[in-house]
Amino acid sequence: MTYSGEVRVGGPADVHELKDLMITKIAVGPMDNNAYLLRCRATDEQLLIDAANDAHTLLGSIGDDGIASVVTTHRHGDHWQALAEVVAATRARTYAGRDDAEGIPVPTDVPVEDGDTIRVGQVELTARHLVGHTPGSIALVYDDPHGHPHVFTGDCLFPGGVGNTHKDPKAFASLIHDVETKIFDALPDETWVYPGHGNDTTLGAERPHLPEWHARGW
């Protein structure tokens, strides 16, 4: 099946099948959050990115194999509504950016710094600390050895712009700087972007618009 990345709350998940990794995208909750279930194809270990809402749906996708870990991309409440229930059911390790951990009501087992490696089975993800939407937001980069990279950006990068910085010029300057230097400058146009809400995009589709984002200030 061809992966589109277009999902809706109450609808089916969409699955991106890579050689070493299966990525299942699910939309949950009243704010149409995306949750991403990653499965290492060699070991069947699973990792969940953002237990955002609707624990029943998330646990149904996780299945009997459980998850080894769950990563919360940032501290905003719409991204962790199901975290306590999912962790209680799976006993998964919890990861979050060090500077956001105190704002997440479920204890963070592993505080994450920029450049840290998070593993799911034999697959390695690299955390990038992106400051501005929140102090401790993280993105996760999977540099697929068989193809182009994939990046899970939380609420820091969407089709059409960076995340909300609430009209704070300093926060916007910080976020656009980090997104440019750690994401756009480091990764090729073919990089697939999986955001915290809405449809996917690629860095190539967004890169030409960076000057517009700078000019408008959001």
Side-chain angles (χ1 to χ4, degrees), residues 9 25-38 46-55 57-59 62 67-120 125-142 151-159 161-183 193-198 218:
V9 175
K25 180 178 182 179
I26 311 160
V28 292
M31 297 184 70
D32 294 341
N33 285 76
N34 296 324
Y36 298 95
L37 181 65
L38 279 54
Q46 296 189 115
L47 173 152
L48 180 67
I49 299 174
D50 283 345
N53 209 303
D54 192 354
T57 292
L58 296 180
L59 290 169
I62 289 167
I67 50 173
S69 47
V70 54
V71 179
T72 303
T73 57
H74 63 290
R75 68 187 186 187
H76 286 161
D78 59 308
H79 290 260
W80 48 252
Q81 290 297 310
L83 182 59
E85 191 171 343
V86 168
V87 169
T90 63
R91 300 184 179 180
R93 292 185 306 274
T94 55
Y95 293 75
R98 182 176 296 277
D99 294 334
D100 268 14
E102 67 179 6
I104 299 169
V106 177
T108 297
D109 297 322
V110 185
V112 178
E113 305 277 8
D114 187 56
D116 283 355
T117 297
I118 299 173
R119 290 179 173 84
V120 51
L125 308 170
T126 302
R128 301 317 311 257
H129 182 200
L130 307 173
V131 181
H133 182 66
T134 66
S137 289
I138 54 172
L140 298 178
V141 178
Y142 170 50
V151 56
F152 302 87
T153 55
D155 283 2
C156 288
L157 177 63
F158 296 99
V162 296
N164 191 350
T165 51
H166 306 285
K167 299 182 179 180
D168 181 338
K170 290 184 179 179
F172 172 75
S174 175
L175 183 56
I176 194 77
H177 172 269
D178 283 0
V179 166
E180 281 192 294
T181 58
K182 297 180 181 181
I183 303 297
V193 176
Y194 305 82
H197 305 262
W218 56 274

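All of these numbers come straight from a predicted model, not from anything done at the bench.
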Query raised in the report: Does the side chain to side chain contact (heavy atoms under 4.5 Å, CB included) test come out yes or no for Val71 and Ile138, once each step is laid out?
Result: CA-CA 9 Å; Val71 179; Ile138 54 172; 3.8 Å; yes

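To the nearest 0.5 Å, atoms NE2 (His76) and CG (Asp155) are separated by 7.5 Å. For the atom pair CG (Asp50) and CG (Leu48), the distance works out to 7.5 Å, reported to the nearest 0.5 Å. Thr134 OG1 to Leu175 CG: the interatomic distance, rounded to the nearest 0.5 Å, is 9.0 Å. How far CD1 of Ile62 is from OG1 of Thr90: 6.0 Å, rounded to the nearest 0.5 Å. Note that SG of Cys156 and CG of Asn164 are 11.0 Å apart. Values are rounded to the nearest 0.5 Å.
Smallest separation of non-hydrogen atoms from Leu58 and Asn53: CD1-O, 3.4 Å. Of all non-hydrogen atoms in Thr94 and Pro107, the two that sit nearest each other are OG1-O, 2.7 Å. Closest heavy-atom contact between Gly77 and Gln81: O-NE2, 2.9 Å. A pairwise comparison of heavy atoms in Ala101 and Thr108 identifies CB-OG1, 3.6 Å as the closest pair. Residues Pro195 and Phe158 come closest through the heavy atom pair CB-CD2, 3.6 Å. When all heavy atoms are compared, the tightest approach of Ser174 to Val131 is OG-O, 2.8 Å.
With sequence neighbours left out, the side chain to side chain donor-acceptor pair (under 3.5 Å) criterion links Glu85 to no other residue. Under the salt bridge (charged side-chain N to carboxylate O under 4.0 Å, His left out) criterion, Arg93 pairs with no residue, sequence neighbours left out.
Put simply, the residue from Arg128, Arg98, His129 that forms a side-chain hydrogen bond (donor to acceptor under 3.5 Å, both in side chains) with Asp114 is Arg128.
At a threshold of 4.5 Å between non-hydrogen side-chain atoms, the residues Leu130 and Val162 do not count as touching. Counting only heavy atoms from C-beta outward, the side chains of Thr73 and Ser137 never approach each other to under 4.5 Å. You'll find the side chain of Asp54 stays beyond 4.5 Å of the side chain of Val9, heavy atoms only. Leu140 is not listed as a side-chain neighbour of Leu38, based on a closest heavy-atom distance of 4.5 Å or more. Between Ile67 and Val86, the closest side-chain pair of non-hydrogen atoms falls below 4.5 Å.
The side chain to side chain donor-acceptor pair (under 3.5 Å) analysis of residues 25-36, with sequence neighbours excluded, yields the pairs Lys25-Asp200, Asn33-Asp78, Asn33-His79, Asn34-Tyr36.
Between the Asp99 side chain and the Gly136 main chain, no donor and acceptor come within less than 3.5 Å of each other. Trp80 places a side-chain N or O within donor-acceptor distance of the main-chain N or O of Arg75, the cut-off being under 3.5 Å. Checking side-chain atoms of Gln46 against main-chain N and O of Leu37 turns up no donor-acceptor pair under 3.5 Å.
More than 12 non-hydrogen atoms from other residues, nucleotides or ligands lie less than 6.0 angstrom from CD of Glu113.
Using cut-offs of 30° and 60° on the angle between ring planes, the pair His166 and His133 is parallel.
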